[in-house]
Amino acid sequence: MQTRRLGEMLREAYHKAPDRDKSLAVCLFGIRYADEIGSATNEVIKFAEIGNYGPEVRKGIKLSQYVYLRSGDIPPATASPRT
């Protein structure tokens with residue numbers, strides 16, 4: 001997938017997320033698209049135009065080796081916490 005397209009997708013995920021879940025949305029993006037992002041994190045962030053979220057994307061990329069997503073959507077802000 002092209003770096004520019006990944007940046008556009010990241011921008012969309014960031015802007016759709018509630019304010020308190022922006023970092024979570026960026027981290028989940030890193031998990032979901034780790035293989036496509038590869039070593040192009042800085043370029044993806046540049047195209048996304050969302051500020052300095054490189055560390056959050058890299059965190060997601062590293063976590064992608066250990067976790068899997070249960071659904072394709074970011075959890076809603078009203079979701080109940082795990083017990």
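Note that the numbering runs from 1 along the sequence shown for the chain. Values below: all heavy atoms of this structure, side chains included; hydrogens, waters and symmetry mates excluded.
The local environment of CD in Glu36 is crowded, with over 12 non-hydrogen atoms from other residues, nucleotides or ligands closer than 6.0 Å.
In terms of heavy-atom proximity, Gly51 sits nearest to Ile45 at O-CG2, 3.3 Å. The shortest non-hydrogen separation linking Ala25 to Ala13 is CB-O, 3.9 Å.
Residues passing the side-chain contact (heavy atoms from CB on, under 4.5 Å) test with Thr3, sequence neighbours excluded: Ala40, Glu43, Val44, Phe47.
How far CG of Leu28 is from CG of Leu10: 11.5 Å, rounded to the nearest 0.5 Å.
A ring-ring contact (aromatic ring centres under 6.0 Å, His included) check over residues 22-45, counting only residues at least two apart or in different chains, returns the pairs Phe29-Tyr33. Residue pairs meeting the side-chain hydrogen bond (donor to acceptor under 3.5 Å, both in side chains) criterion with at least one partner in residues 7-17, sequence neighbours excluded, are Glu12-Lys16.
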Donor-acceptor pairs under 3.5 Å, side chain of residues 52-61 to any protein atom, not counting sequence neighbours: which ones?
{"unit_1": "Glu56", "atom_1": "OE2", "unit_2": "Lys59", "atom_2": "NZ", "d": "3.3"}
{"unit_1": "Arg58", "atom_1": "NH1", "unit_2": "Gly54", "atom_2": "O", "d": "3.2"}
{"unit_1": "Arg58", "atom_1": "NH2", "unit_2": "Asn42", "atom_2": "OD1", "d": "2.6"}

